[in-house]
Undergrad: 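The structure is given below, and queries will be raised subsequently.
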Amino acid sequence: MKKNLLALAVAGAFAAPAAALAQGSFVQIYGTLNADFQGASSENGAPLPIGTGPLGFGSNYGVTGGFTPANGFAIRPTGVNSQAPGVRDAAFTEIATQAGLSSNSSNIGFRGSEDLGGGLKAIFQVESTIFLDTGSGNLGGRNSNLGLSGGWGTVFYGQWDTPYKYITLKADPFFATSAASFNSLIGSPGFNVLSATFSGATLAPTASLTQIAADAAFDRRQGNSVQYWTPNWAGFSGRLFYSPGEGKQNYVIDPSLVGPRTAQLDPWMWGASLQYDNGPIYAALGYEQHKDYFGTRVQTGSTALGTGSDDWGAKVVLGAQNLWGFNVYGFYERLDYSTDGLVTTGLIREAKRNAFGGFVTWGFGNFTLRGGWAQASDTSCASVVSTTLVTNQICNGGDTGTNQYSLGASYNFSKRTLAYVYYTKQDNDDIGRYRMGTNTGPVQGNVGIGQTPQAYGIGIRHTF
């Protein structure tokens, strides 16, 4: 009798919250675990052309200092090269094949909603990174939000992939993760810029060149954001976001000047996307604008600021889906960076680059073949030619592009578990510096100017 009463008490304790949950609340645990064993290497490219400056835009930049593989920029003494013409810089050497384990954006999350009545719901999500290779991670470091949803759409605060990034995620045949993905080329001007999670601009004169690389990225998960998503109307939908940046204050324009001038800068960004995803047709447009983020600093290799900046990216994606097992997508992208009020002669004040490519998957039975190619064109630019007069002197922006090739295949054990293999190569031009996709291996952070990194791997992916 006592055992029966105890059983009823325990059952009642669990039944009460379950009943409350069933009355309008919903919580789900979900995640993706994706790990591969890889071999990666990086080969030296051709010697730097005679007479080139730090990044191929001329020999006189007016900036000084050394450079290391860690910061990813080649800053030579003013007006000269640190090496004899035609000699590769010793800091970036060929890296023989190294084995490693990569945890490709593995994550676990909690999301849910509460019915507030009248068609209105409270929504939330907390998503965290899991590094399967090292046993570490973070809490809420990925897409996380809190908001409201109804027949009029969804609005939320938090940290989330921008609409600009979102429209190409489904096109990437390698899930926009792993070394074979294309997220180090799309949304990047090169120069060591990668996609990642960001909050605001890093504008302090003491910032490292590695830190300012983040300010030039357009493939980003942005913190301090407000987003609005429209309902889906027969395949049409849109997204809008705004991020204040939270960094309005006076900044030093150029720390190298005696009695440096200052300007009040207000870094913020906004973006929008419109897409049609219905049956075999996928079409999407994306636009994003960054104010006072000073993306031109990555082309110059200097932390010097101007009185303001205006950077923008525009992207179009077209696709044919689920046609005899084929999914085919193509994209075109334009990135445009401009800075006003630069002081030091030689700094880059304008930079533009185009990119395009195509991706395909073909599924038959439990197998899927995967492949893609993308090209980033050379950067065109203009520089400061006088401390008193800024003109559109065209820089030598040749040989700064890249071509990326990725091939792979996967086998579906079930709807949630698959095994895969891949090979990828990033073929940088002589002065180009794009890196491979998401990759925690040692090669990723040490790809030098003009080098050709490549990787092959075998992995397992499971979703729950």
Side-chain angles (χ1 to χ4, degrees), residues 30-32 34 104-107 109 111 125 127 142-143 154 160-188 195 218-222 227 229-241 271-288 313-333 355-363 368-374 404 406-410 412 415-418 420 422 424 437-438 459 461-464:
Y30 70 95
T32 299
N34 185 353
N104 303 308
S105 298
S106 295
N107 60 81
R111 59 188 170 208
Q125 178 170 303
E127 186 174 288
R142 293 175 57 83
N143 286 345
T154 300
W160 207 271
D161 291 338
T162 66
Y164 187 88
K165 175 184 178 180
Y166 169 75
I167 63 173
T168 42
L169 290 179
K170 71 176 302 181
D172 193 316
F174 299 93
F175 309 105
T177 60
S178 84
S181 67
F182 292 85
N183 58 359
S184 66
L185 187 152
I186 300 174
S188 169
S195 65
F218 278 81
D219 188 270
R220 59 196 299 132
R221 179 180 298 118
Q222 183 68 12
Q227 290 206 26
W229 300 354
T230 71
N232 188 304
W233 297 299
F236 287 97
S237 63
R239 297 188 176 192
L240 179 68
F241 102 101
S273 67
L274 176 65
Q275 66 180 46
Y276 178 76
D277 190 357
N278 193 8
I281 301 175
Y282 181 77
L285 298 170
Y287 178 82
E288 187 169 302
K315 180 168 57 177
V316 58
V317 188
L318 298 175
Q321 308 173 129
N322 305 315
L323 296 177
W324 307 285
F326 284 92
N327 293 300
V328 181
Y329 301 94
F331 83 94
Y332 169 79
E333 177 182 62
F356 49 88
F359 315 121
V360 61
T361 61
W362 178 39
T368 301
L369 300 181
R370 305 173 182 275
W373 161 80
Q404 181 180 349
S406 296
L407 294 173
S410 62
N412 295 311
K415 291 183 178 180
R416 296 182 297 175
T417 303
L418 60 83
Y420 60 88
Y422 66 80
T424 185
T438 303
R461 186 175 190 267
H462 175 77
T463 59
F464 60 92

Undergrad: Pro280: which residues meet the side chain to side chain contact (heavy atoms under 4.5 Å, CB included) condition with it, sequence neighbours left out?
TA: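 Counting only residues at least two positions away or on another chain, Pro280 forms a side chain to side chain contact (heavy atoms under 4.5 Å, CB included) with Leu323.
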Undergrad: Contact between Tyr164 and Arg220 at the side-chain level, heavy atoms closer than 4.5 Å - yes or no?
TA: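 Tyr164 vs Arg220: side chains apart.
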Undergrad: Given the rule in the side chain to side chain contact (heavy atoms under 4.5 Å, CB included) test, do Phe175 and Thr463 qualify, once you have shown the distances and angles that lead to the verdict?
TA: CA-CA 12 Å; Phe175 309 105; Thr463 59; over 6 Å; no
Undergrad: Only counting residues at least two apart or in another chain, list the ones meeting ring pair (Phe, Tyr, Trp, His ring centres under 6.0 Å) with Tyr332.
TA: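 So Tyr332 forms no ring pair (Phe, Tyr, Trp, His ring centres under 6.0 Å) with any residue.
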Undergrad: Can you give me the closest heavy-atom contact between Thr162 and Phe218, atom names plus distance?
TA: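 Of all heavy-atom pairs spanning Thr162 and Phe218, the closest is OG1-O, 4.3 Å.
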Undergrad: Mind checking ring pair (Phe, Tyr, Trp, His ring centres under 6.0 Å) for Phe356 and listing every partner two or more places apart, or none if nothing turns up?
TA: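 Ring pair (Phe, Tyr, Trp, His ring centres under 6.0 Å) check on Phe356 returns Trp373.
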Undergrad: What distance do Arg239 atom CZ and Thr230 atom OG1 have between them, rounded to the nearest 0.5 Å?
TA: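 Arg239 atom CZ to Thr230 atom OG1 measures 9.0 Å (nearest 0.5 Å).
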Undergrad: Could you tell me which non-hydrogen atom of Ser195 sits nearest to which non-hydrogen atom of Asn183, and how far apart they are?
TA: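 Smallest interatomic distance, heavy atoms only, reads OG-O, 3.4 Å.
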Undergrad: Atom CG in Leu418, atom CG in Asn34: separation rounded to 0.5 Å?
TA: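 If I round to the nearest 0.5 Å, the distance is 8.0 Å.
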Undergrad: Is the number of heavy atoms from other residues, nucleotides or ligands within 6.0 Å of OH (Tyr166) greater than 12?
TA: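 Counting neighbours around OH of Tyr166, 12 or fewer heavy atoms of other residues, nucleotides or ligands fall under 6.0 Å, so no.
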Undergrad: Could you work out, with side chain to side chain contact (heavy atoms under 4.5 Å, CB included) as the rule, every residue matching Ser406, not counting sequence neighbours?
TA: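 For Ser406 the side chain to side chain contact (heavy atoms under 4.5 Å, CB included) partners, ignoring immediate neighbours, are Phe174, Ala180, Phe182, Gln404, Thr424.
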Undergrad: Just by modelled atom types, is the Gly187 backbone N or O under 3.5 Å from a matching donor or acceptor in the Glu333 side chain?
TA: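 Side chain of Glu333 to backbone of Gly187: a pair is present.
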Undergrad: Heavy atoms only: give me the nearest Leu318-Ala283 pair and the separation to one decimal.
TA: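 Nearest pair, atom of Leu318 first, then Ala283: CD2-CB, 3.7 Å.
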Undergrad: List in chain and number order the residues that pass ring pair (Phe, Tyr, Trp, His ring centres under 6.0 Å) with Phe331, two or more places apart in sequence or in another chain; answer none if no residue qualifies.
TA: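 For Phe331 the ring pair (Phe, Tyr, Trp, His ring centres under 6.0 Å) partners, ignoring immediate neighbours, are Phe359.
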Undergrad: Please name all residues satisfying side chain to side chain donor-acceptor pair (under 3.5 Å) with Ser273, sequence neighbours left out, ordered by chain then number.
TA: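 For Ser273, no residue satisfies side chain to side chain donor-acceptor pair (under 3.5 Å) once neighbours in sequence are set aside.
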Undergrad: List the residues meeting salt bridge (Lys or Arg N to Asp or Glu O under 4.0 Å) with Glu288, not counting sequence neighbours, and say none if there are none.
TA: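 Partners of Glu288 by the salt bridge (Lys or Arg N to Asp or Glu O under 4.0 Å) criterion come out as none, since no residue qualifies.
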Undergrad: For residues Val360 and Pro173, report the shortest heavy-atom separation together with the two atoms involved.
TA: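 Nearest pair, atom of Val360 first, then Pro173: O-CB, 4.0 Å.
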Undergrad: Which residues pass the salt bridge (Lys or Arg N to Asp or Glu O under 4.0 Å) test with Arg142, not counting sequence neighbours?
TA: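 Only Glu127 meet the salt bridge (Lys or Arg N to Asp or Glu O under 4.0 Å) criterion with Arg142.
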Undergrad: Nearest heavy-atom pair of Thr32 and Phe464: which atoms, and what distance?
TA: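 Where Thr32 meets Phe464 most closely, the heavy atoms are N-CE2, 4.2 Å.
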Undergrad: Taking salt bridge (Lys or Arg N to Asp or Glu O under 4.0 Å) as the test, write out the residues that go with Lys165, two or more places apart.
TA: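 Lys165: salt bridge (Lys or Arg N to Asp or Glu O under 4.0 Å) contacts with Asp161.
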Undergrad: Under 3.5 Å, is there a donor on one side chain and an acceptor on the other for Gln125 and Tyr30?
TA: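 The answer is yes; a qualifying pair exists.
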Undergrad: How many angstroms lie between CG in Asn232 and CG in Asn278, if you round to the nearest 0.5 Å?
TA: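 Here the rounded value is 8.0 Å.
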Undergrad: Sequence neighbours excluded, which residues qualify as side chain to side chain donor-acceptor pair (under 3.5 Å) partners of Ser106?
TA: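 Expected list: Ser103.
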Undergrad: Could you work out, with side chain to side chain donor-acceptor pair (under 3.5 Å) as the rule, every residue matching Trp362, not counting sequence neighbours?
TA: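 Result, side chain to side chain donor-acceptor pair (under 3.5 Å) vs Trp362: none returned.
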Undergrad: Sequence neighbours excluded, which residues qualify as side chain to side chain donor-acceptor pair (under 3.5 Å) partners of Asn327?
TA: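 Thr361.
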Undergrad: Using side-chain heavy atoms (C-beta onward) and a distance below 4.5 Å, is Tyr420 in contact with Arg370?
TA: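 No, every pair of side-chain atoms sits at 4.5 Å or beyond.
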Undergrad: Any sub-3.5 Å donor-acceptor pair from Ser178's side-chain atoms to Asn104's backbone N or O?
TA: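 Here the side-chain-to-backbone pair does not exist.
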Undergrad: Determine the interplanar angle of the Phe236 and Tyr276 rings, folded into 0 to 90°, and report it as parallel if under 30°, tilted if 30 to 60°, perpendicular if over 60°.
TA: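 Judged by the thresholds at 30° and 60°, the geometry between Phe236 and Tyr276 is tilted.
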Undergrad: How close do Leu369 and Ala409 get, heavy atom to heavy atom, and via which atoms?
TA: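 Of all heavy-atom pairs spanning Leu369 and Ala409, the closest is CD2-CB, 3.9 Å.
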Undergrad: Rounded at 0.5 Å granularity, tell me how far CZ in Arg221 sits from CH2 in Trp160.
TA: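 Between Arg221 CZ and Trp160 CH2, I get 9.5 Å after rounding to 0.5 Å.
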